[in-house]
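Each remark here refers to the structure printed beneath this line.
Computed from a predicted model, the values in this text were never measured in an experiment. Labels below follow one simple rule: chain letters A, B, ... track the order of the sequence lines, proteins then strands, and each chain is numbered from 1.
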Amino acid sequence: MSKEDVESGLTWEVKANSRHYHKHKQRKSFLCFTWGRYSDNVVRSHKYSLLTFLPLTLFEQFQRAANIYFLLMVVLQCVPAISSIPWYITIIPLLVVLSVRGLKDLASDMARRRCDSEINSRPCDVLVSQSFMTAQWKDVCVGDLLRIRRDQIIPADLLLLSSSEPHSLCYVETADIDGETNLKYRQALGATHNELTSHPSEEALGAFNGVVLCEEPNNRLYTFRGQLQWQGECFLLENEHVLLRGTVLRNTDFAYGLTIYTGRATGADTKILRNCGKLRAKRTQLEEVFNKVVIGIVLSVLLAALLLAIGAGVFSYQVMTQTSFLSALVVDGNPAYNGFLVYWSYIILLSPAMPIALYITFEVIHTIHSKFIGWDLEMYWKQTDKPAEARNTSLSEELGQVGYLLSDKTGTLTQNRLLLRQCCIAGQIYGKYDEHIRYLAKSPMDLSWNPFSSGGLRMFSPTLVETLRGQRCPVTTQFLSALALCHTVMAEWKEGSPVYQAASPDEETLVGAARELGWVFLSRTRDFVVVSELGATRQYQLLALLDFTSKRRRMSVLVVRDPEGGLKLYCKGADVVILERLQKNCPHQESTEMALELFAEACLRTLCVAVRSVPEALWERWSETLALSAAMATCERDTLLEKLYDEMERDLLLLGVTAIEDRLQEGVPETIALLQEAGIRVWVLTGDKKETAVNIGYACRLLHPESRLLEWQELRSAFIHEILFCSRRQILQSADPQVSFFKAKQTELWATHKEMARAKTSVVLTGSELAEFEERPEWGASFMSLAEQCQSVLCCRVTPAQKAEIVKLVRKHTASITMSIGDGANDVNMIKTAHIGVGLAGREGGQAVHNADFAVSQFRFLQRLLLVHGRWSYRRISLFLRYFLFKTCGFALVHIWFGILNGFSAQSLYETWFIALYTVFYTAVPVMCMAFFEQDVSAESSLKFPELYKSGQKKELSSPRKLVTYLLYAVYMSLVLFFIPCGVFYNTAYDYQTMAVTVSMAATFAVTVEIVILTKYWTKFNIAALCVSVVMFFICTRITHSTRLFQSSPADYFFLGVSEKAFIDPVVWLTALLTAWTAVLPSVTFHAFNVILSVHNKHKVYVQIHNSSPPPVELTSRFARGSSLRRSSYAISQGAGPGRLIHSATSIQRAEALKEEKVS
Amino acid sequence: MVKEEQEESSNRPDNTAFTQQRLPAWQPILSASIVIPMFLLIGAAFIGVGVALFITSRDIQLQELDYTGDDSEHPCFKCRTNTEKCTCSMTFSIPTLFKGPVFFYYGLTNYFQNQRKYGASKDDNQLYGDLNYFTSPSTDCDPYTRDSKNMPIVPCGALANSMFNDTFTLSHTVNGVQKIVPLDGKGIAWWTDYNIKYRNPSITPLINAFNGTKKPTNWPKPIYELDTTDVYNNGFINQDFLVWMRRAALPDFRKLYRRITHDDYAAGLPAGNYTLTIAYNYPVHSFNGKKKVVLSNVSWMGGKNDFLGIAYIVVGSMCVVMSVVMLIVYARFKFAEDV
């Protein structure tokens, strides 16, 4: 390796066909030491081995504060001087928690291991001494030559050496990497192509001894720098020479490659594996609130312990030293030191107030809720056999609190399944609805004459077919030729017919429609397009491809038609763009424009198609300039190209217009209406143009036909006035828009009635306008306060980054939970930014789903996900958290009060075993059952009364105030639990142990009654859990008080015989019952009042909702709106079309070179 | 056909009541007509129980005698600070028959038997009769584990060391003659304590087991001499010792001393004058404690306990009041709705 290479960063050296050389440098590891350069190709996504499982899992688990806290408690309990309860009381629950989580981790690790071994044992062909042998993926090593067959997944990053296709082209599908389903080209170096395909390939490959020098492994998927040194020459390598692991070889019989990077997981070298991001750990708001409460509890416990310790110090000083029988017990005779020890004792004693089992229980409940989402049959999409999926299991309760839904449009609201519905050729509209009706009686449109027809045409126009077959109209023929030629679609032959692969669904649809009508696009090479026109196969030479960009909004092809030889430019694009480029006095322009209006009203997406005959001389001149541009710097070249393209696409002759329908998904309008009723603000963010977005907005009921659209100019002036004349505070708080927008112009913006304004106003913004927000952050708050008043917000022409910016804006200025839903790679940013990301498992690959927290197959499943599962989950988890706090605090805080009457000595009021079993056996199961099964209203009612969802948005059940109230309730319960038995047992012959049992009994009863009050949905599991828990208390208490256990260990089971006596003592029972009832009295009263008051309220709400329920919504929108609704656009998944790859400027030169070759 | 479909859709979730969250369930729908009567009923029940308890408690007779002697007029005043053996006697009269069986308690106040260190200061294994712990008692007993000569103390610990050691005799004045009322000390401790929890080492005579050990420093005599007359009331299973070792819950407490069940007094203490003679040994002066003797009879609910009955009545009344408030609120709503 020369010094130069090191300097240029090309330090990764791969020698072809020298396994031995690389093998001894292979990365090996022992414990945490690794050495060697090249990792092997074994996937190791599992974390644990037999040896490392225990230390690793413990290490991970003790990173959680709660576990550390309890470990600390165990350590404290081992110190005899301060141990107020024995060490095993805490360690048992801790061990349970640790082992449950450990087992869970282990199980998922085993699953990963299985998955890994499945991948590792996939077969591939490796060249071993001049013949290909089948090996497994894990045996592939850097420097190996591989043969990849059609449809095989590529096992490692390869340098493409040659392929079975001409020019050693090959096609790969990168769906697993970037989610794009269109095919991409890769091409081998000319040198390797020529050398390795001329001989019998295996021999040639066996003798290949090139050395690749390239960058160290990195995660940049779209760049590659390197060089191949071979036969004394040095070739530069680029990204187009590299096949990445995980991509699939398509349309190509064989490809031969040299392995450059291998491996996966830690230290893996392949690019895709270096790119595997992890899901960002999201925490729910509720959890954050709860964490704060837990911290609050811990601090209060520390404070209480401090006060009690001071009490202990004073008691030691004032009482104990004076008291004969106690004085000797003051340690070292020093009250302060005594207090210090008692402080720690109380921390231990009060530690059960911080619920140890909470986090693990919380996790179990979350998991079950996620399972319920996956199990829901009504969210199962039969067509793709996909149930809903909760990929992030810890967010389920936030589904019940969503305030803002930010949705993508294409593929999310719409099906992204485009159909050519109508077209207008030479001013004549085909496929009209009335035509449909007229012919429907006769027979379906007969396309049997066309052998390539596969029945995918949804346009019904026998007239057009007749015209075409009769070849009566040259414009129609040209129109169809334009459709078959002007595109970037790839054809793949399967079972004797072409299957189209396209980056743009519009193109796929149009090419498919042309095929049905007899103009069949058969195949393309770099320089030729083969089309069968009504059975006659014709080859067109492709001279240039003027690619689509979102700025140009059009694309063209320049072809030479054999045998006439005339040069033709076919162009298609958005109506505005094409119409301004037409030649003067173009025929049919007016009728076509009328057709455009009609199509727009029918909610169809239009594209104009035009043609130009290019004079030979113009072409010559133009192509020369084009060739020059190839050598220029990128940015200069782009502007020049644009100018050049613009020059060529002029004087067009209008052929016609296509009208494509992008159908709304089933149930979208209903879902949006329902979600809006539930108080969720639905925003649509789309890359489409404004008109399209607005039309879809009307179609899916996001925009009301009468609603007023606020646009940027109006908003802008409003903001400026606002900033100038009134303080923002006023705006935000003022209820009456007339006050806040005192200028006449602003008042005009708003309907005078506030209710009206809220219901009927929508904001429409475009990406460029949104960019202004970044410059003026102070507008963000104003905008959000305005948006809150509006029915909906529509953002068009936004980039993926802007989508995320909008989500951030919403998150910043409101306290609401945001949810993003999308289906494409362009939605990933926004899905990751929102509180909850939902991926639609649609047609655009898996990228969105991979990054989402939830995956559903249809937009309408959101109804159930939010209103049913979300609402239930929120309710269940809030109740669960509240109850859990109550039961642990109420039970543990008793010791504070008891401290007052036992000389602040950290004496426990419970038997130690009761403390250990209380959280696990006596109270855990009923509350878990409630958290699993609780339903206040059925799924049907949840959907019927979307208003019910609003309680989650307002955080009615989980506000910090509610939690604090519950904590106060717990304090009250602890007071009652101590002082009533205290009153009963004061100055009597009852001993401490009987009192302990009485208080335990009362505590168990009280928390049981509380769960009975909270549970509204009694399944058999709830009832069983409740009974078992109470019975468990009696049984376990008897067991720990039994003779046998005492005899085995007198010091641990010293409550011998207490329950035997206490459980038959009427005073104990009466005291326990009275205490329990008094403890839950506030809660019972509260619920009783709720019943009395809410019966009335709910009734009213239900009646109201019922009366105002929306009429059934039709799927197709009814347009009763004025003109200028044209929806002429072109959907494409990337910013620019793939034309450059198909027919780059460089390839034009090459084509010419080839032509010369042919001639010579 | 159906089979095929099932095979194809392998991802289809199961259609069970559990997975679809359609488990049959009982959903009690509460309304005012249930809630208000329920409250009323519970309130009434509580008041009923409270009244029953209160009446029962009121019928229990109780005679309490404070013999601390803080008052200089008090016959026991002289013994208060006296470290020598001291005896004092108090007289009291019972106006009507004190129904039997009469329980004889001693009571202490301001005495923190529930202090953690104090309560833990004993060796359960030693008290279980395990000889290993005779020679090396548990450190829980510190500083009452060993005496100044480093001899192990049996029974060790503060709890045993501070055992109550006043003794009482009760005499009835019949026709000017003092007649000793026989006190029954059998079965005053818990059955489990006597039979299981505390055991004497199985060595006879008992004294041999205590070779090489010392009596607790405050005790006048070693444990094996607590009751030399009865083998089954001696050593660790001495009833008075067991009663003392069962810690009180709260600083003011009573402990059963004897029962009056014998002969003439089986039906109770007849009306008349009585004299209580106290062997005053136990010092409480230092912590302002009080010593009492309590004579009481019992009912089904045990000893006299006014608190429980009153608490029941109070809570029951609260429920009733609450139900009335609910009724008013409900009526107002109903009224508002009708209008």
Side-chain angles (χ1 to χ4, degrees), chain A residues 84 319 322-326 328-329 372 374-377 380 382 385-387 901-903 905-907 933 935 939 980 982-992 995 1016-1019 1043 1046 1050-1051 1054 1056-1057 1060-1061 1066-1067 1070-1071 1074 1077-1078 1081 1085 1088-1089 1091-1093 1095-1096, chain B residues 9 11-15 19-21 23 25-27 30-32 35 39 49 105 107 112 114-119 121 124-125 128 143-144 158 162 190 192 196-197 246-256 283 286-287 300-303 305 307-308 311-312 315 322 326 329-330 333 337:
Chain A
S84 47
V319 182
Q322 314 297 320
T323 309
S324 51
F325 67 99
L326 289 174
L329 296 171
F372 276 135
W375 283 334
D376 195 337
L377 264 179
Y380 166 73
K382 208 173 164 193
D385 188 28
K386 268 186 194 152
L901 285 179
N902 68 21
S905 59
Q907 171 67 44
F933 304 119
Q935 304 179 5
I980 287 186
C982 171
V984 175
F985 291 142
Y986 208 79
N987 207 3
T988 62
Y990 284 104
D991 67 313
Y992 153 76
M995 179 160 167
K1016 297 275 192 303
Y1017 192 80
W1018 288 93
T1019 66
T1043 309
F1046 171 79
F1054 54 89
L1056 168 72
E1060 206 174 313
K1061 234 170 124 70
V1067 174
L1070 287 171
T1071 311
L1074 176 75
W1077 178 251
T1078 315
L1081 197 57
T1085 317
F1089 269 104
V1091 165
I1092 288 168
L1093 298 176
V1095 163
H1096 172 78
Chain B
S9 49
N11 290 328
R12 187 189 173 82
D14 296 335
N15 188 7
T19 56
Q20 299 311 309
Q21 305 198 58
L23 284 173
W26 176 57
Q27 287 175 277
L30 294 174
S31 66
V35 169
F39 252 78
V49 172
Y105 300 93
F112 287 86
N114 58 7
Q115 216 273 355
R116 178 169 60 92
K117 289 238 148 138
Y118 173 80
S121 181
D124 281 311
N125 288 303
Y128 189 55
Y144 299 102
S162 60
W190 285 26
T192 43
I196 303 163
K197 202 167 175 181
R246 187 151 279 281
R247 290 163 67 199
L250 298 159
D252 290 8
F253 59 88
R254 294 170 194 169
K255 280 179 188 287
L256 189 56
S286 64
F287 54 91
W300 58 269
M301 59 168 282
N305 196 336
F307 179 88
L308 194 57
Y312 259 94
V315 173
M322 216 64 88
M326 280 178 209
V329 171
Y330 180 66
F333 259 106
E337 205 170 71

Exercise for review: Please state whether the side chain, the backbone, both or neither of Tyr105(B) comes within less than 4.5 Å of a heavy atom of chain A.
Suggested key: side chain
Revision key, fill the gap. Of all heavy-atom pairs linking Trp190(B) and Gly1057(A), the shortest is CZ3-O, 3.8 Å
Review point. Any side-chain heavy atom of Asn987(A) sitting closer than 4.5 Å to one from Arg254(B)?
Key: yes
Exercise for review: Measure the shortest side-chain to side-chain distance between Trp375(A) and Gln21(B) over non-hydrogen atoms and say whether it is less than 4.5 angstrom.
Suggested key: no
Review point. What closest approach, in Å, do Val1091(A) and Leu30(B) show between heavy atoms, and which atom pair accounts for it?
Key: CG1-O, 3.5 Å
Point to revise | Contacts of type side chain to side chain donor-acceptor pair (under 3.5 Å), residue Ser905(A), not counting sequence neighbours | key: Asn902(A)
**Study point:** Results of side chain to side chain contact (heavy atoms under 4.5 Å, CB included) for Thr1043(A) - residues two or more places apart only
**Key:** Gln1047(A), Leu1056(A), Ile196(B)
Point to revise | Engaged part of Asn305(B) at the chain A interface, taking heavy atoms whose separation is under 4.5 Å | key: side chain
Check your understanding: Is Thr192(B) close to Lys1061(A) at the side-chain level, that is, under 4.5 Å between some pair of heavy atoms?
Key -> no
Exercise for review: Just give me the residue among Phe1046(A), Phe985(A), Phe1054(A) that pairs up with chain B most often, heavy atom to heavy atom, under 4.5 Å.
Suggested key: Phe1046(A)
Practice item. Could you look at Phe253(B) and say if it's the side chain, the backbone, both or neither that has a heavy atom under 4.5 Å from chain A? Key: both
**Study point:** Heavy-atom side-chain contact between Met326(B) and Thr1085(A) under 4.5 Å
**Key:** yes
**Study point:** Residue pair Leu23(B) / Tyr1017(A): nearest heavy atoms and the distance that separates them
**Key:** O-OH, 2.8 Å
**Study point:** Closest non-hydrogen atom pair between Pro387(A) and Asn11(B), with its separation
**Key:** CG-O, 3.5 Å
Revision key, fill the gap. Nearest heavy-atom approach of Gln907(A) to Arg116(B) is OE1-CA, 3.1 Å
Point to revise | Minimum side-chain heavy-atom gap Leu901(A)-Pro251(B) below 4.5 Å | key: yes
